[in-house]
Amino acid sequence: QVQLTESGGGSVQAGGSLRLTCVRSGYSYSTYSMAWFRQGPGKEREELANIDNSNGRTYYYDSVKGRFTIAQDNTKNILYLQMNNLEPEDTAMYYCTADVQDGPGRPRSRYWGQGTQVTVSS
């Protein structure tokens with residue numbers, strides 16, 4: 001079982017920056033990847049970026065390329081999202097996820113944190 005806790009959200013003006021943190025705790029047999037998602041009011045949830053735990057490779061979706069950076073500490077238990085040049089369209093609840101196996105032969109599961117709110121004003 002994995003628990004994810006996000007922090008670092010807040011209110012900023014357009015052009016500002018925030019750094020989100022996701023702390024992972026609990027047990028997993030194997031962790032394959034971690035990612036950041038967001039969901040604005042009345043909008044579909046969208047993935048922003050992910051990192052492959054086996055090799056450290058990152059992938060960014062078009063909406064955040066060049067502005068956001070995903071990173072992981074060397075323990076693999078803390079995930080960061082550095083957000084620069086924020087825009088009002090970035091206003092959303094931000095979530096981190098971990099794709100894991102709880103044990104050998106078990107299906108892969110995705111765990112979600114409770115989210116942290118980011119509000120960007122003009």
Side-chain angles (χ1 to χ4, degrees):
Q1 298 292 321
V2 173
Q3 182 179 359
L4 303 172
T5 304
E6 302 98 335
S7 62
S11 298
V12 298
Q13 294 184 343
S17 298
L18 285 173
R19 188 195 196 195
L20 306 184
T21 299
C22 174
V23 178
R24 184 180 70 177
S25 61
Y27 170 81
S28 66
Y29 173 75
S30 181
T31 300
Y32 295 96
S33 64
M34 297 187 71
W36 286 98
F37 288 74
R38 71 183 179 191
Q39 186 170 23
K43 300 180 180 179
E44 294 184 347
R45 184 172 57 204
E46 63 172 332
E47 188 170 352
L48 306 176
N50 60 65
I51 184 166
D52 188 328
N53 281 24
S54 68
N55 55 27
R57 291 189 177 185
T58 58
Y59 180 84
Y60 296 91
Y61 288 77
D62 288 343
S63 62
V64 303
K65 281 183 178 178
R67 299 190 300 124
F68 292 6
T69 302
I70 189 170
Q72 204 170 44
D73 82 325
N74 56 16
T75 72
K76 307 295 181 67
N77 290 322
I78 304 176
L79 185 72
Y80 302 98
L81 185 67
Q82 178 65 47
M83 307 187 295
N84 297 324
N85 194 24
L86 286 162
E87 303 170 354
E89 292 74 20
D90 296 317
T91 295
M93 186 73 73
Y94 284 70
Y95 302 90
C96 68
T97 67
D99 289 358
V100 308
Q101 265 188 292
D102 293 325
R106 295 186 180 183
R108 191 175 300 189
S109 300
R110 175 167 289 170
Y111 287 84
W112 295 79
Q114 293 299 308
T116 184
Q117 178 68 40
V118 172
T119 302
V120 185
S121 60
S122 300

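Here the structure is a predicted model, which is why all the values come from computation and not from measurement.
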Worked verdict on Q72 versus I78 for side-chain contact (heavy atoms from CB on, under 4.5 Å)
CA-CA 6 Å; Q72 204 170 44; I78 304 176; over 6 Å; no

With a 4.5 Å cut-off on side-chain heavy atoms, are [Y] and [X] touching?
{"X": "Q3", "Y": "V23", "value": "no"}
{"X": "N50", "Y": "Y61", "value": "yes"}
{"X": "L18", "Y": "L86", "value": "yes"}
{"X": "D99", "Y": "M34", "value": "no"}
{"X": "R38", "Y": "D90", "value": "yes"}
{"X": "L48", "Y": "Y94", "value": "yes"}
{"X": "L79", "Y": "W36", "value": "yes"}
{"X": "V2", "Y": "S25", "value": "no"}

Going through the checks in order, is the side chain to side chain donor-acceptor pair (under 3.5 Å) test met by N84 and S17?
CA-CA 4 Å; N84 297 324; S17 298; 2.9 Å; yes

Assess the residue pair T31 and R24 against the criterion (side chain to side chain donor-acceptor pair (under 3.5 Å)); give the C-alpha distance rounded to whole Å, side-chain angles, the decisive distance to 0.1 Å, and a yes or no.
CA-CA 11 Å; T31 300; R24 184 180 70 177; 2.7 Å; yes

Closest non-hydrogen atom pair between Q117 and A92, with its separation:
NE2-O, 3.3 Å

Quick one: closest heavy-atom pair of A14 and S122, and the distance?
CB-CA, 4.4 Å

Please report whether the ring centroid of Y27 lies less than 6.0 Å from that of Y29.
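Between Y29 and Y27, the centre distance exceeds or equals 6.0 Å.
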
With a 4.0 Å cut-off, would you call R57 and D52 a salt bridge?
no

Sidechain-backbone polar pair: [X] side chain, [Y] backbone, donor-acceptor under 3.5 Å:
{"X": "S28", "Y": "Q101", "answer": "no"}
{"X": "D73", "Y": "N77", "answer": "yes"}
{"X": "E6", "Y": "C96", "answer": "yes"}
{"X": "Y95", "Y": "A35", "answer": "no"}

Quick one: do [X] and [Y] end up in the same hydrophobic cluster if we chain Ile, Leu, Val, Met, Phe, Trp and Tyr together by side-chain heavy atoms under 4.5 Å apart?
{"X": "L20", "Y": "I51", "value": "yes"}
{"X": "V118", "Y": "I70", "value": "yes"}
{"X": "M83", "Y": "M93", "value": "no"}

Cation-pi geometry met for R19 and Y80 (6.0 Å, 45°):
yes

Within 45° of the axis and under 6.0 Å from the centre of the six-membered ring of Y32, does NZ or CZ of R108 qualify?
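Checked: cation-pi criterion met.
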
Report the C-alpha distance between E87 and R67 in whole Å, list the side-chain angles of each, state the deciding distance to 0.1 Å, and finish with yes or no for side-chain contact (heavy atoms from CB on, under 4.5 Å).
CA-CA 10 Å; E87 303 170 354; R67 299 190 300 124; 4.1 Å; yes

Does NZ in K65 sit with more than 12 non-hydrogen atoms of other residues, nucleotides or ligands closer than 6.0 Å?
yes

With a 6.0 Å cut-off (strictly less than), is the heavy-atom count around CD of Q114, excluding the residue itself, greater than 12?
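Open.
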
Tell me, with the steps shown, if D102 and Y111 meet side-chain contact (heavy atoms from CB on, under 4.5 Å).
CA-CA 11 Å; D102 293 325; Y111 287 84; 3.1 Å; yes

